[in-house]
**Student:** 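I'd like to ask some things about the structure below.
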Amino acid sequence: MDASENQTSNPRIAAGALAISEIIEARLSRRGFLGGAAAAAAVAGFGCTTGPQGAQRARVAPEFLFSEIARGADGDHHIPEEYAANLVLRWGDAVTPDAPSFDPHQQTAAAQERQFGYNNDFIGYYPLDARGADSRRGLLCVNHEFTSTRLMFPGLTERRLLSQEECEVEMAAHGGTVIEIEKDRTGGWRPVVVSKYNRRITAGSTPIMITGPAAGSDRLKTEDDPTGREVIGTFNNCAGGVTPWGTYLMAEENFNGYFLGELDSDHPEAANHTRYGVPGGWYQWGRYFDRFDISKTPNEPNRYGWVVEVDILDASSTPKKRTALGRFKHEGAESVVAPDGRVVLYMGDDQRFDYVYKFVTARAFDADNRAANLDLLDDGTLYVARFEEDGGLEWMPLVYGAGPLTSENEFYSQADVLIETRRAADLLGATPMDRPEDVEPDPASGRVYLMLTNNVLRTPEQIDAANPRANNPFGHIIEIIEPEGDFTSTRSRWEILVRCGDPADPQAGAAWNPLTTDNGWFGSPDNCAVDPHGRLWVATDGNEGTGANDGLWAISTEGAKRGTGRAFFRAPNGAEVCGPRFTPDGKSLFLAVQHPGDGEGASFETPTTRWPDFDEKTPPRPSVVAIRRKDGGDVGA
Ligand code: FEO
Ligand code: CA
Ligand code: CA
């Protein structure tokens, strides 16, 4: 959903870029940075050959040895020849035994509520044995980020208004799926439809509790919910996370797009809504449901933009929006247990010139008492990142009463700070980034990988060391180094791992290890995974801007090959690749193929591919794919 993420609503940028004092400060310190040790690397044209200073790697990751696939674009997916892939779940497949068979020509909300939703994005895998190592049977947790309306419904080649039933189908196709899966005799994976764990979570019907410091705030109250503690549904769940205590985190990203209507400019929520791009007006739900019309329900948008936690071991549990983690366009929420036992979550706010966050729980994780962990995410400290020009990183706490976060700036409680997380971070002077997507910690090394997908709005005056290219259509990847592996630290280091784009094109300003082949570079990193060996894998959304389809690449982070990309998976036309998720044994990899068949003018009748069924009567179907080595070995070896 590039359209909104590609705008900026950051007033520090929109009102004429950073304050002039900030620009001067950035220029001065940048000069100092380039005069130092980084200058030699910059002259060499490749700034990432040196290893990080603070890393405490506990193992040496094996090299990537798979047969690299070719760049290109066609209607099918591609994997290395020594690998096999099987479809695990497609849009419309049964999640519960009462699901009717899929009929895309006569889809109903009642059917969709029981079937796998649309546009699968995040994938979590949770082993079902007590030791957390089961790689033959587990729970798959999948987000359904949004609906591609023209590809979902027949007869939309001419623009027309959707019926209420069609809007309800869309709402039922959003949200998430929890489903048991098992490995079959061939080594492939299949859903277990009769399972006590299986459930759909949707935008239209799932009751969700609001918890944490903002719960019960007057700004979260509506006519339907005078408590400010209960909301129906979640939507635009992009990436997410799985916690060590077996819950699934669904990050609410572009919630602004679901609201219609207007507010008077002097309404108390008007400026807040503007900072988040509300109302986006992408969906028609507000024509039938007042809560999506801000002129009728002005507080409703404040009830979205949170991280939702789902107890996947109890299908009857009520999901919870954890307000302590802040409100923004959450891309994901991957967690790690710090050496002192506290849990740290890393989160990007995916919009041009928005910020990177981490949350540190107040209490420690208790491996022996699951119940004690279930509300850990209600209490802790949210920090926003300032990337310094010399490679330092300051994590600044967003705490009511501290610094500018006081009544002088119209913050009257921690609830206000969290509801307006972006404005609070603006005031602290956080670093505006090139669209932060996934942020993935590696527990063994203390390193954290940050995907910055692209930003063509950045001007030459707005570059800084952490966002070093003006007009950046290809994005870059930053490695954050937590000192001594202490993920709770408020002082970290950072360096750029790769600057994406074509290394053979001098105009691109790309920087890869020269060992990278013509297939191994890419643009627009989005989702990523660290495999059980500590190796980095990166999926793209927007690589078609380089003339080839999106896919999954392996990237070496160590030694002489550091910064080398290697192509592993290529998506069919129109699709981005999401998920990446490995089983604990490293022998299976799950990928989410999102919006296959999309493209200029594409519709239900005229998709750019009919993947994966290739049936003339069936539209393309977003699907989860499982990939394994044919010989049963580790993926990537
Ligand atoms: Fe939904 Fe930031 O990708
Ligand atoms: Ca994403
Ligand atoms: Ca995406």
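All residue numbers refer to positions in the sequence shown, counting from 1. What you are looking at is a predicted structure, and each value in this text was computed from that prediction instead of being measured. When a ligand or atom number is given, it counts from 1 through the structure's own listing order.
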**Student:** Which angle, to 10 degrees, forms at atom 2 (Fe) of ligand 1 with OE2 of E253 on one side and OE1 of E331 on the other?
**Tutor:** 80°

**Student:** Below 3.0 Å, any N, O or S contact between D541 and the Ca ion (ligand 3)?
**Tutor:** yes

**Student:** Between the Ca ion (ligand 3) and E576, which N, O or S atom of the residue is the nearest one?
**Tutor:** OE1

**Student:** Side chains of N119 and S148: do they bring a donor and an acceptor to under 3.5 Å?
**Tutor:**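 There is such a pair (donor and acceptor under 3.5 Å, judged by atom type) between the side chains of N119 and S148.
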
**Student:** Knowing that exactly one of F474, W521, F522 qualifies, which makes a ring pair (Phe, Tyr, Trp, His ring centres under 6.0 Å) with W512?
**Tutor:**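 When ring pair (Phe, Tyr, Trp, His ring centres under 6.0 Å) is applied between W512 and each of F474, W521, F522, only F522 qualifies.
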
**Student:** For E331, what is the atom name of its N, O or S atom nearest to the Ca ion (ligand 2)?
**Tutor:**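 The E331 atom nearest to the Ca ion (ligand 2), restricting to N, O or S, is OE2.
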
**Student:** Looking only at side chains, do W553 and E68 share a donor and an acceptor under 3.5 Å apart?
**Tutor:** no

**Student:** We want to know whether S524 and N454 form a side-chain donor-acceptor pair, criterion being a heavy-atom distance below 3.5 angstrom.
**Tutor:**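 A pair is found: one side chain offers a donor N or O, the other an acceptor, under 3.5 Å apart.
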
**Student:** Rounded to 10°, how big is the angle at atom 2 (Fe) of ligand 1 from D350 OD2 to E437 OE1?
**Tutor:** 90°

**Student:** Please state whether the separation between the Ca ion (ligand 3) and some N/O/S atom of D526 is under 3.0 Å?
**Tutor:**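 Checking the Ca ion (ligand 3) against D526, an N, O or S atom does fall under 3.0 Å.
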
**Student:** Give the name of the N/O/S atom in E437 that lies closest to the Ca ion (ligand 2).
**Tutor:**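 The atom in question is OE1.
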
**Student:** Distance under 6.0 Å and angle within 45° of the ring axis: does R535 meet both against F582?
**Tutor:**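 Ring-cation test returns no.
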
**Student:** Does a donor on one side chain and an acceptor on the other come within less than 3.5 Å for E113 and S205?
**Tutor:** yes

